[in-house]
Amino acid sequence: MNIAIVGSGYVGLVTGVCLAQIGHRVICVDNDPEKIKKLKKLQIPIFEPGLKEMLRRNVKQKRLFFTDSIREAAKKSMVIFIAVGTPPKESGEADLIYVENVSREIAAGMDSYKLIVEKSTVPAATGQRITQTIRMNLPKKYKENSKNVMNFDVASNPEFLREGSAIKDFMHPDRIVIGVQSKRAEGLLKEIYKPLKANVVVTDMNSAELIKHASNAFLATKISFANALSQICGRVGADILQVTEGMGLDRRIGKDFLNAGIGYGGSCFPKDVAAFIHLSEKSGYDFSLLKEVHNINEYQKLSFIKLIEDKLWILKNKTIGVWGLSFKPQTDDMRNAPTVDIINALENEGAKIKAYDPQAMSKAKQSLKKVIFCKDAYAAVRGCDCLLLLTEWDEFKNADFKRVKRLMRHAMIFDGRNLLNRETIAKLGFEYFGVGRGKVL
Ligand code: UDX
Ligand code: UDX
C-alpha cells in the first residue's frame, strides 16, 4: 500500500521504516529540511538499534522515500499517518498545533479518498477535531453542500514503541489498537498490519486515544508505586529488588515496570501523565492518583540528590563522575531525562561533573553546558569523589571495577538504577548506595 508518514522523529521514522520493511511503499515527511536532507543521504538523526540498517535496506529496495512536502507525499499515498510532536503546554495540556497544521495541509491538497491516521499521542476526541479540520480545509470544490463530495476517513492507531527496542516492539506487538469510524478504515488498517499477524483490537476513535493515555499512565503508576516502595524499603531495611521480584511473580501484577530508580523520564511518560491529568480535569474528574504518580516521580530525584549530599557533605569543589545521561539505555534521547535535574542540582551546589554516555553525549551537550564530557567510562571517574550510575547501559554493568577504584579519589558509588551487584562491589572496597536497597548484608 502507498503510505505517507508525517513527522520523521523517534516514532514516525521507526514506523515508516518498519512499514516499508513489511512490504509497503512509504514516504516519510518532515518539515525540517535538514533532517530530510540527511535522511536522503541515508544518515539517521537518532540512535535506535537496527534502524540504520533497515532504513538503508528499504531505500535501496525502493520502498522508502523522504520529502519535506506533505502535499507531495499525501498525493502519492492513500493512507497518511500523523506522527508529529504533541509537546506539553505550561498547563500540562497537549499542544496540538502541529497536528492541526498537518491536518490542514493534508486537506488542502486532497484530490482522492484518504485515510488519515493519528499516530501521535493525543487526548481523547482529537480524532473528531482532525475530522472537522479536514472538512473545513478541503479544496473549495469539495466543501460540504457542493455536489462534489470528498470521502475521507480519520482513524486512531496509537504507538506503543519503546525507544531502544522500537523495531522489535513494532514487529512483535502485544496488540495493535485501531480506533475507526468506518469499515473501510478498519479494512485498510488491518491490511497494512496483516504481515505482522498480530492481535488487532478494533475500537471507536475516542476509546483508542484513551487506551494510549491509559496505558502510559498505568505504566508510570507502576513505576511510581515501585519508587514509593523503595522509600519504605530504604527506611525499614528491606531490599526493593527482593520485594518487587516477589510481587512480580504474581501474574496479576507482573514483573515489568517495577524497577525503582531515579524516576521515569523520556518524551512520553511525563508528558502523557500531565496531559491525562489535564484531560480528566477538563472532563470534570480530578484524577488525583496521577498527580501523586507525578509527585512521587519528582521526589525520587530529590531523595537521590539528598542521599548524595548526605554522604558527601559539602559538594562545593567535589568532583562527581556520572555514567549514563539518556533517559534510558539504548537511546540517545535526552528529553525529560532525570539525569539533567540531578546534574543541575549538584552543579548548583558547586560540584564539578564529569560524565560519559555511550550514545547521548552530543545531545546532552546542548543542555548540560558546564559538564565535562569524557571519552569513556574510565575517564569519567578519574579523580572523582564518587560515581553516579544514572542510566543502566550494559557496558557499565560489565566495567572493570578494580580499575575504576584505582582511578577514583574515593571509592563510592550511587547506583541510581540498582544495576550493579552490591555484594561484589562492596567486596572490592566500594561504599555502595542503591535505591531502596536497605543495608549491604
Ligand atoms: C512524537 C510525539 O511527541 C508523541 O507524543 C507521539 O506519540 C509520537 O510523535 P517523537 O517521534 O518522539 O514523538 O517526536 P519527535 O522525535 O520530536 O518527532 C516529531 C517530528 O515531527 C520531528 O522530526 C519534527 O521535525 C516533525 N514535525 C513537527 C513536522 O514534520 N511537522 C510539524 O508541523 C511539526
Ligand atoms: C514509552 C512506552 O513504554 C511505549 O509503549 C510508548 O508509548 C512510548 O513511551 P519509552 O518512553 O520509550 O516508551 O520507554 P520506557 O521503556 O517505557 O521507559 C520510560 C521511562 O521509565 C524511562 O525513563 C525508564 O528508565 C523508566 N522506567 C521504566 C523505570 O524507571 N522503571 C521501570 O521499571 C521501567
Side-chain angles (χ1 to χ4, degrees), residues 5-16 28-36 38-39 45-46 48 67-70 73 81-88 94-105 118-123 126 157-166 169-170 173-175 177 209 211-220 222-227 230 240 244 248 254-273 275 297 300-301 324 326-331 333-339 390-392 416-418 435:
I5 314 276
V6 185
S8 302
Y10 284 89
V11 170
L13 193 58
V14 170
T15 305
C28 289
V29 189
D30 205 282
N31 69 353
D32 177 350
E34 278 308 305
K35 202 174 260 191
I36 291 300
K38 278 192 178 160
L39 286 167
I46 55 168
E48 180 63 45
T67 177
D68 59 8
S69 161
I70 293 182
F81 284 84
I82 302 180
V84 294
T86 50
D95 189 348
L96 300 176
I97 183 150
Y98 303 124
V99 175
E100 191 196 35
N101 288 347
V102 168
S103 310
R104 270 212 303 258
E105 183 80 19
E118 22 158 81
K119 192 54 126 172
S120 303
T121 307
V122 290
T126 302
N157 170 222
E159 53 88 11
F160 301 101
L161 308 174
R162 282 166 299 177
E163 288 176 29
S165 58
D169 287 349
F170 185 98
D174 288 345
R175 77 308 202 187
V177 174
E209 290 163 339
I211 287 173
K212 173 60 198 272
H213 259 153
S215 302
N216 274 0
F218 187 80
L219 292 170
K222 222 176 154 188
I223 298 170
S224 276
F225 189 91
N227 280 333
S230 77
I240 185 74
T244 48
K255 62 178 177 19
D256 294 340
F257 282 71
L258 272 182
N259 296 323
I262 51 173
Y264 59 74
S267 71
C268 286
F269 286 180
K271 162 171 87 69
D272 292 351
V273 168
N297 200 54
Q300 206 65 10
K301 288 179 264 189
S326 53
F327 81 99
K328 61 179 281 190
Q330 297 298 329
T331 180
D333 199 347
M334 287 296 298
R335 289 176 292 179
N336 287 311
T339 54
L390 300 185
T391 315
E392 66 275 37
R417 300 290 186 169
N418 290 337
V435 176

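Only a predicted model underlies this, so the values are computations on that prediction, with no experimental measurement involved. Atoms within a ligand are numbered from 1 in the order they appear, just like the ligands themselves.
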Need the ligand 2 atom indices (1-based, order shown) with element for anything under 4.0 Å from a heavy-atom of [X].
| X | answer |
| --- | --- |
| C268 | 8 (C), 9 (O) |
| K212 | 7 (O) |
| R417 | 25 (O), 30 (O) |

Ligand-residue contact atoms, ligand 1 with [X], heavy atoms, under 4.0 Å:
| X | value |
| --- | --- |
| T121 | 5 (O), 6 (C), 7 (O) |
| G85 | 1 (C), 2 (C), 3 (O), 19 (C) |
| K35 | 22 (C), 23 (O) |
| S120 | 6 (C), 7 (O), 8 (C), 9 (O) |

Identify the closest protein heavy atom to [atom]: which residue and atom is it, and at what distance?
| atom | answer |
| --- | --- |
| atom 21 (O) of ligand 1 | G7 CA, 3.4 Å |
| atom 1 (C) of ligand 2 | F269 CE2, 3.7 Å |
| atom 18 (O) of ligand 1 | G9 CA, 3.2 Å |
| atom 4 (C) of ligand 1 | K271 NZ, 3.7 Å |
| atom 32 (C) of ligand 1 | N31 ND2, 3.2 Å |
| atom 3 (O) of ligand 2 | R162 CG, 3.4 Å |
| atom 34 (C) of ligand 2 | F257 CD2, 3.4 Å |
| atom 17 (O) of ligand 1 | R335 NH1, 3.5 Å |

Beyond-backbone contact of [X] with [Y], side-chain heavy atoms, under 4.5 angstrom:
| X | Y | result |
| --- | --- | --- |
| F160 | D169 | no |
| Y10 | D333 | yes |
| L96 | T86 | yes |

Backbone or side chain, does any N or O of [X] fall under 3.5 Å from an N or O of ligand 2?
| X | value |
| --- | --- |
| D256 | no |
| F327 | yes |
| G265 | yes |
| N216 | yes |
| Y264 | no |
| N259 | yes |

For ligand 2, which part of [X] has a heavy atom less than 4.0 Å away: the side chain, the backbone, both, or neither?
| X | value |
| --- | --- |
| K222 | neither |
| L258 | backbone |
| D169 | neither |

Between [X] and ligand 1, does any nitrogen or oxygen pair lie at a separation below 3.5 Å?
| X | result |
| --- | --- |
| N101 | no |
| V11 | yes |
| D30 | yes |

Review point. Can you tell me how far CG of L219 sits from OH of Y264, rounded to the nearest 0.5 angstrom?
Key: 11.0 Å
Revision key, fill the gap. CD1 of I82 to NZ of K119, rounded to nearest 0.5 Å, is 12.5 Å
Check your understanding: Is any NZ, NE, NH1 or NH2 atom of the basic residue among E118 and K212 found under 4.0 Å from an Asp or Glu carboxylate oxygen of the other?
Key -> no
Check your understanding: Is a salt bridge present between E100 and R104, judged by a nitrogen-to-oxygen distance below 4.0 Å?
Key -> yes
Looking at [X] and [Y], would you say the former's side chain and the latter's main chain have a donor-acceptor pair under 3.5 Å?
| X | Y | answer |
| --- | --- | --- |
| N418 | V435 | yes |
| D30 | T67 | no |
| K255 | T244 | no |

Exercise: identify the closest heavy-atom pair between [X] and [Y]:
| X | Y | result |
| --- | --- | --- |
| R417 | L390 | NE-O, 2.8 Å |
| T391 | G324 | OG1-C, 3.2 Å |
| L161 | V14 | CD1-CG1, 4.0 Å |
| A275 | H213 | CB-NE2, 3.7 Å |

Point to revise | Closest to atom 15 (P) of ligand 2 among E163, Q330, H213, K328 (heavy-atom distance) | key: K328
Review point. For atom 27 (N) of ligand 2, which candidate among T331, I223, N418, L161 provides the closest heavy atom?
Key: I223
**Study point:** Test log, rule side chain to side chain contact (heavy atoms under 4.5 Å, CB included), inputs K35 and C28
**Key:** CA-CA 11 Å; K35 202 174 260 191; C28 289; over 6 Å; no
Exercise for review: Apply the test side-chain hydrogen bond (donor to acceptor under 3.5 Å, both in side chains) to residues Q300 and S230: give CA-CA distance (whole Å), side-chain angles for both, the deciding distance (0.1 Å), then the verdict.
Suggested key: CA-CA 9 Å; Q300 206 65 10; S230 77; 3.0 Å; yes
Exercise for review: May I ask whether V6 has any heavy atom positioned less than 4.0 angstrom from an atom of ligand 1?
Suggested key: no
Exercise for review: Begin with the C-alpha distance, continue with both residues' side-chain angles, and end with the deciding distance and a verdict on side chain to side chain contact (heavy atoms under 4.5 Å, CB included) for V11 and T121.
Suggested key: CA-CA 10 Å; V11 170; T121 307; over 6 Å; no
